[in-house]
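One-based numbering along the sequence shown. These figures come from a predicted structure and were not determined experimentally.
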Amino acid sequence: MAGFDRIDRISEEVRRELDQILREEIKDPRVGGTWSIVRCEVTRDLRLCKVRVSILEEDKRPGMMAALKSAAGFMRRELGHRMDLRYVPEIQFELDTNIEYAAHINKILKETEGKHDA
């Protein structure tokens, strides 16, 4: 169990560092709008990190995901400078649509609630 606690702490620290790198160091014009790094999942061997990114504006998603994928090497190098890890994980970005899905479900629930009140 202790190994998972360590990986969870590393994953959270990687998330914070990547968020800061993305906000302060990446100057790509495609990076913009309302976005958030929702979660990072670092494998136990520290070789891979899946980064879940939520982008609110649907029209900005393709450009932002392309920008993130092209900046992954730079972000990995920066992460290596900022964190004391034996291995700096390879970074893979994935789009997270859970917030959008939750808003959709909430809208449906409100619509059905209104029908029952009538």
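Two residues are said to be in side-chain contact when any heavy atoms from C-beta on lie closer than 4.5 Å; E94 and V51 fail this criterion. Looking only at side-chain heavy atoms (C-beta outward), V42 and L48 stay at 4.5 Å or farther from each other. Counting only heavy atoms from C-beta outward, the side chains of N98 and V38 never approach each other to under 4.5 Å.
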**OP:** Begin with the C-alpha distance, continue with both residues' side-chain angles, and end with the deciding distance and a verdict on side chain to side chain contact (heavy atoms under 4.5 Å, CB included) for L22 and V53.
**Re:** CA-CA 11 Å; L22 191 52; V53 181; 5.9 Å; no
Subject >> From CA spacing to verdict: side chain to side chain contact (heavy atoms under 4.5 Å, CB included), H81, R77 >> reply: CA-CA 7 Å; H81 294 306; R77 189 170 52 252; 3.8 Å; yes
Original post:
Passes side chain to side chain contact (heavy atoms under 4.5 Å, CB included), I55 versus M65? Steps please.
Top reply: CA-CA 9 Å; I55 306 165; M65 291 306 292; 3.9 Å; yes
**OP:** Report the C-alpha distance between V14 and L79 in whole Å, list the side-chain angles of each, state the deciding distance to 0.1 Å, and finish with yes or no for side chain to side chain contact (heavy atoms under 4.5 Å, CB included).
**Re:** CA-CA 8 Å; V14 166; L79 191 62; 4.0 Å; yes
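With salt bridges taken as basic N to acidic carboxylate O contacts below 4.0 Å, one links R23 and D19. Ion pairing between a basic and an acidic side chain is recognised when a charged N comes within 4.0 Å of a carboxylate O; E78 and R82 show such pairing. Using a 4.0 Å cut-off between charged side-chain N and carboxylate O, R16 and E12 make a salt bridge. A salt bridge does not link R15 to E41: none of the charged side-chain nitrogens sits closer than 4.0 Å to a carboxylate oxygen.
Looking at R52, its side chain never comes within 3.5 Å of a backbone N or O of I37 through a donor-acceptor pair.
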